[in-house]
2 protein chains.
Amino acid sequence: MKEEFRLDNQLCFRLYTASRLLTQAYNPLLSAHGLTYPQYLVLLVLWENDAQPVNDIAKRLCLETNTVTPLVQRMEKQGIVTRAKGTNDARQMIVSLTDKGQQLQTALTDVPFAVGGAIACKSLTPETVPALFQTLDDMIAQLKKNLKRDT
Amino acid sequence: MKEEFRLDNQLCFRLYTASRLLTQAYNPLLSAHGLTYPQYLVLLVLWENDAQPVNDIAKRLCLETNTVTPLVQRMEKQGIVTRAKGTNDARQMIVSLTDKGQQLQTALTDVPFAVGGAIACKSLTPETVPALFQTLDDMIAQLKKNLKRDT
DNA sequence: TACTTTTGTATCGCGAACGATATAAATAAC
DNA sequence: GTTATTTATATCGTTCGCGATACAAAAGTA
């Protein structure tokens, strides 16, 4: 058994597991409002800048548009967002928050804190978090560059 | 716009993105052998210990058995593993590697190195990786504990 | 022994995620 | 100005991932 194949040596498995478990921590908080985690991410994007085309949302979340399109379609069906053809560019589909979508920001105020509590551990301190963010951002940037190159 | 809602302040979004992009880096290497990333994880588990029940594989990967069952069913169809009822406990379904499954370990020898190259960046050094592993392991342990408590 | 509870898998349904493909609109090339 | 190319979405098919449910086997209990 080669050392490189040991599950405990895999960075990817750690990221994969941490991501899934952390998403699970969000779930009860979000599903109480009929939301999923990816839908919550779309809301974060729109709360920062309302009325964005599907493509911009996808780019911001590093997702493909064929993931985002059905995602926002479901959100439209729930009355959280509206979808309207772009006026400048008729190809674009502009996604905008409804009142309900805006109000969710208030309803979800305590979500970040609740999740923060669920992951609080001795390895995550005000000193270590910036370094962790830096490392992850660096990795993400590197992966984006390398993945794009293969296209 | 509250600071806690800024996408750039979200740990979960970073983990989610890093995990997905890193998985995408595995994809061309694995799909060349007809594998997906979760199937590769099952192989890592079985290469360490062959002939395990579905439940043990699921626990090792922090997945639910209703995710692993169809996963190994597809792998069985591909001739990578076999599934057989347990002799001690007839409820268990023991998953074992076929010769083809064993040989994949040789065929995939260079995968860890290729992926290592794709994420190589200045934030990932022999000095920083152990700390990163520690932080992620710590987070994962904490999340497991808190998620279990809600059950 | 008979009954209840727990455990291990499996099935179903739904929402992602993404490769592949299709289509219309905008842009570039000629 | 017509044709070719690129761009923005959308649709389709497959594989996760997981909550809910079902069911048989094992373990615990009376």
Side-chain angles (χ1 to χ4, degrees), chain A residues 12-13 16-28 30-32 34-42 52-59 61-78 80 83-95 147 150-151, chain B residues 12-13 16-28 30-32 34-42 52-59 61-78 80 83-95 147 150-151:
Chain A
C12 191
F13 175 57
Y16 166 78
T17 303
S19 172
R20 279 189 311 101
L21 296 185
L22 190 44
T23 299
Q24 285 177 31
Y26 276 92
N27 250 337
L30 297 178
S31 67
L35 291 172
T36 64
Y37 180 69
Q39 290 173 5
Y40 174 68
L41 291 181
V42 171
Q52 292 190 53
V54 170
N55 202 21
D56 290 13
I57 297 173
K59 283 221 165 63
L61 297 178
C62 307
L63 289 168
E64 301 298 320
T65 61
N66 57 359
T67 298
V68 176
T69 290
L71 193 53
V72 296
Q73 284 174 344
R74 284 185 286 268
M75 292 174 78
E76 184 187 32
K77 209 172 293 180
Q78 297 177 42
I80 300 171
R83 302 188 320 131
K85 274 207 168 164
T87 47
N88 290 355
D89 189 333
R91 293 170 302 179
Q92 292 184 334
M93 187 61 84
I94 309 292
V95 183
L147 291 169
D150 298 342
T151 311
Chain B
C12 191
F13 175 57
Y16 166 79
T17 304
S19 172
R20 278 190 311 101
L21 295 185
L22 190 44
T23 298
Q24 285 177 29
Y26 275 93
N27 251 337
L30 297 178
S31 66
L35 291 172
T36 64
Y37 180 70
Q39 290 174 4
Y40 175 67
L41 290 182
V42 171
Q52 291 190 54
V54 169
N55 203 20
D56 290 14
I57 298 173
K59 282 224 167 61
L61 298 178
C62 307
L63 289 167
E64 301 299 318
T65 62
N66 57 359
T67 297
V68 176
T69 290
L71 193 53
V72 297
Q73 284 174 342
R74 285 185 286 268
M75 293 174 78
E76 184 186 33
K77 210 173 290 179
Q78 298 177 40
I80 300 172
R83 302 188 320 131
K85 272 207 168 164
T87 48
N88 290 356
D89 188 333
R91 291 170 302 179
Q92 292 185 333
M93 187 60 84
I94 309 294
V95 183
L147 290 168
D150 298 342
T151 312

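First the proteins, then the strands, lettered A, B, ... as listed; each starts at 1.
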Peer 1: Find the distance Asn55(A):CG to dA10(D):P and express it as a whole number of Å.
Peer 2: 11 Å
Peer 1: Using only side-chain N and O atoms of Arg91(B), determine if any of them is under 4.0 Å from OP1 or OP2 of dA27(D).
Peer 2: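 Result: no.
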Peer 1: What is the nucleic acid contact for Thr36(A), judged by heavy atoms within less than 4.0 Å: base, sugar-phosphate only, or nothing?
Peer 2: sugar-phosphate
Peer 1: Round to a whole Å and report the spacing from CG of Asn27(B) to P of dC16(D).
Peer 2: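 Interatomic distance, CG of Asn27(B) to P of dC16(D): 10 Å.
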Peer 1: To the nearest Å, give me how far apart CD (Gln24(A)) and P (dC16(D)) are.
Peer 2: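 From Gln24(A) CD to dC16(D) P: 17 Å.
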Peer 1: Looking at Thr23(A) and Cys12(B), what are the two nearest heavy atoms and their distance?
Peer 2: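 Minimum heavy-atom separation between Thr23(A) and Cys12(B): OG1-SG, 4.0 Å.
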Peer 1: On a heavy-atom basis, which atom in Leu21(A) and which in Leu147(B) lie closest, and how many Å separate them?
Peer 2: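 Looking at all heavy atoms of both residues, the shortest contact is O-CD1, 3.6 Å.
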Peer 1: Ala90(A) or Leu71(A): which one's nearest nucleotide on DNA chain C is closer to the 5' end?
Peer 2: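 Here Leu71(A) is the residue nearer the 5' end.
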Peer 1: Heavy atoms of chain B, cut-off under 4.0 Å: which first and last nucleotide of DNA chain C, 5' to 3', fall inside that, if you could look?
Peer 2: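 Both ends considered, the range comes out as dT7(C) to dC18(C).
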Peer 1: Mind checking Asn66(B) for me? I need base, sugar-phosphate or nothing, with any heavy atom below 4.0 Å counting as a touch.
Peer 2: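 Base, at least one base atom sits under 4.0 Å.
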Peer 1: Nearest whole Å is fine: how far is dC16(D) C1' from Gln39(B) CD?
Peer 2: 10 Å
Peer 1: Side chains of Ile80(B) and Leu35(B): closer than 4.5 Å at any heavy-atom pair?
Peer 2: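 Yes; the side chains approach each other to less than 4.5 Å.
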Peer 1: For Leu63(B) and Arg20(A), run side-chain contact (heavy atoms from CB on, under 4.5 Å): C-alpha distance rounded to whole Å, both residues' side-chain angles, the deciding distance at 0.1 Å, then the answer.
Peer 2: CA-CA 9 Å; Leu63(B) 289 167; Arg20(A) 279 189 311 101; 3.4 Å; yes
Peer 1: Which atom names give the shortest non-hydrogen contact between Val68(A) and Ile57(A), and what distance separates them?
Peer 2: CG1-CG2, 4.1 Å
Peer 1: Mind calculating the distance between CG (Leu63(A)) and P (dT9(D)) to the nearest angstrom?
Peer 2: 14 Å
Peer 1: Does Leu71(B) form a side-chain contact (heavy atoms from CB on, under 4.5 Å) with Gln39(B)? I'd like the steps, not just the answer.
Peer 2: CA-CA 7 Å; Leu71(B) 193 53; Gln39(B) 290 174 4; 3.7 Å; yes
Peer 1: To the nearest Å, give me how far apart CD1 (Ile94(A)) and C1' (dA10(D)) are.
Peer 2: 16 Å
Peer 1: Can you tell me how the ring of Tyr16(B) sits relative to the ring of Tyr37(A), calling it parallel under 30°, perpendicular over 60° and tilted otherwise?
Peer 2: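 Taking Tyr37(A) first and then Tyr16(B), their aromatic rings stand perpendicular (interplane angle over 60°).
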Peer 1: Choosing from dA8(D), dC16(D), dA10(D), which nucleotide comes nearest the side chain of Gln73(A)?
Peer 2: dA10(D)
Peer 1: Kindly give the heavy-atom pair with the smallest separation between Met93(A) and Lys85(A), and that separation in Å.
Peer 2: SD-N, 3.9 Å
Peer 1: Rounded to whole Å, how long is the line connecting atom CG of Leu30(B) with atom P of dT15(D)?
Peer 2: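 My rounded result for the distance is 15 Å.
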Peer 1: Contact class for Asp56(A) (heavy atom, under 4.0 Å): base, sugar-phosphate, or nothing?
Peer 2: nothing
Peer 1: Please check the phosphate of dC18(D) (OP1 and OP2 only) for any side-chain N or O of Arg20(A) closer than 4.0 Å.
Peer 2: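 Answer is yes, contact under 4.0 Å.
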Peer 1: I want to confirm an ordering. Mapping Thr69(A) and Tyr16(A) to their closest nucleotides on DNA chain D, which one lands closer to the 5' end?
Peer 2: Thr69(A)
Peer 1: Nearest-Å distance, CD (Gln92(A)) to P (dT7(D))?
Peer 2: 13 Å
Peer 1: Please figure out whether Arg74(B) or Thr65(A) has its closest DNA chain D nucleotide nearer the 5' end.
Peer 2: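 This one resolves to Thr65(A).
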Peer 1: Would you tell me if any nitrogen or oxygen in the side chain of Tyr37(B) comes within less than 4.0 Å of OP1 or OP2 on dT15(D)?
Peer 2: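 For dT15(D), neither OP1 nor OP2 has a side-chain N or O of Tyr37(B) closer than 4.0 Å.
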